[in-house]
Amino acid sequence: MADDDDCPPLAVELPPQANFPPAPASSSNSISAPVGVTVITGYLGAGKSTLVNYILSAQHGKRIAVILNEFGEEIGVERAMINEGQGGALVEEWVELANGCVCCTVKHSLVQALEQLVQSKERMDHILLETTGLADPAPLVSILWLDDQLESSIRLDSIITVIDAKNFRQQIDEHTNSSSFPEAFHQIAFADVVILNKIDLVKDDLEDLERKIHDVNALVTVVRSVRCQVDLNTIFDRQAYGVKNSSQLQELLEYSKSVPPNSRHDSSISTLCISEQDSVDLAKVESWLEDLLWEKKSNMDIYRCKGVLHIHNSNQLHTLQAVREVYEVVPAREWSDKQSRMNKIVFIGRDLDISILQDSFSRCKH
């Protein structure tokens, strides 16, 4: 039986259209940090539902809300984000489980479900969103990342992609002998964490599989698992989109040392890093990003980019993040005296050309 055919854990259904009362002003909701939202992707059979069932049944001591959507590609993400009237029953079902977790199924408005969760009287430790049927999570991610209505109470934490370790080897081999590539490579490109599941069924070298994953996305964290039984501390609270994640910035800076200086230009999905020591003009950087991400003046297809920027006349280290066409450049903290002020940007995408990226960014110098 496939992993995604596992039966869900037993639950007690709440009354239909359960209304969660707003938390009192004195509760921790009003003073605590925003609740993290983790988006989970993966091929059918990789183990997404196994991971969800594990979280919903394990005695982990966390209050985790799991949102299972039914707005697959046939409905579309934009349709799923629209509230359909004041009287509509937008959240179809809420269930509360014996281990303190909450589970719901959403058919229309994801935003409505999230708002009800953060207004509930019971504080959630984390929210997990399984994106059924979505190969490319970018549209959903951009809404969760930058939605002004949610930013005070919810933050996008990370994207997790579940991979079937046994079948991933076959996908790699098929890609090697073909001009196309599997959608799983897309999901790796957007991921902050990859759960390499079913490692008990793999006789091959797991280190080699991890190298293949890092060939696509050099910044992703790989967690090995059997039946998706993982330490939740390794996948939650990653703060992949936060400006104060110093460990991620350090990882980015260290990664640049491992990128070969020669130009790589092919049709595969890969990771490249560029650097520039001189300070850059913020307006020029924004214009450069818009040319790359919006106007697409080159043949490159950029999925994600992350970086640190040395902005002219600023003592603040600025961070750059982009998912598809949505980008954000914000000051994070002051440069430390021990740090060399440099610009370093990592790109993940298809048909990347390091010479074009490096030359065009050099024009942003003050």
Criterion side chain to side chain donor-acceptor pair (under 3.5 Å) on Glu290 and Tyr327, from CA distance to verdict:
CA-CA 9 Å; Glu290 289 162 9; Tyr327 75 87; 2.7 Å; yes
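Side-chain contact between Phe236 and Asp125 is absent, with no heavy-atom pair separated by less than 4.5 Å. Side-chain atoms of Leu232 and His126, non-hydrogen and from C-beta on, never get closer than 4.5 Å to each other. Looking at heavy atoms from C-beta onward, Cys228 lies in side-chain contact with Val162 at the 4.5 angstrom threshold. Side-chain contact between Cys273 and Val346 is present, with heavy atoms from C-beta onward closer than 4.5 Å. You'll find the side chain of His318 stays beyond 4.5 Å of the side chain of Val308, heavy atoms only. Annotation: side chain of Leu129 is in contact with side chain of Ile67 (closest heavy-atom distance under 4.5 Å). At least one side-chain heavy atom of Arg155 sits under 4.5 Å from a side-chain heavy atom of Gln239.
Of the options Phe347, Phe185, Phe190, a ring-ring contact (aromatic ring centres under 6.0 Å, His included) to Tyr303 is made by Phe190 and by none of the others. Across Ile274, Leu289, Val285, a single residue satisfies side-chain contact (heavy atoms from CB on, under 4.5 Å) together with Ile345, and that is Ile274. Of the residues listed (Thr38, Ile40, Val39), the one engaging Glu130 in a side-chain contact (heavy atoms from CB on, under 4.5 Å) is Ile40, and it is the only one. Applying side-chain contact (heavy atoms from CB on, under 4.5 Å) to Arg341 and the options Asn315, Leu317, Leu309, Ile311 leaves one that passes, Asn315.
A donor-acceptor distance shorter than 3.5 angstrom exists from the side chain of Thr271 to the backbone of Ala218, with no hydrogens or angles considered. Side-chain N or O atoms of Thr161 include none that pairs as donor or acceptor with a backbone N or O of Gly42 at under 3.5 Å.
Ion pairing between a basic and an acidic side chain is recognised when a charged N comes within 4.0 Å of a carboxylate O; Lys62 and Asp237 show no such pairing. A salt bridge does not link Lys166 with Asp200: none of the charged nitrogens is closer than 4.0 Å to a carboxylate oxygen. The residues Asp278 and Lys365 are annotated as salt-bridged, a charged nitrogen and a carboxylate oxygen being separated by less than 4.0 angstrom. A salt bridge between Arg363 and Glu276 is absent, with no side-chain N of the basic residue lying under 4.0 Å from a carboxylate O of the acidic one.
Distance check, rounded to the nearest 0.5 Å: CD1 of Ile199 to CD1 of Ile163 gives 13.0 Å. Here Ser287 contributes atom OG and Asp281 contributes atom CG; the two are 10.0 Å apart, rounded to the nearest 0.5 Å.
Classified by interplanar angle (parallel below 30°, tilted 30° to 60°, perpendicular above 60°), the ring pair His366/His312 is parallel.
Around CG of Asp359, the count of heavy atoms belonging to other residues, nucleotides or ligands within 6.0 Å exceeds 12.
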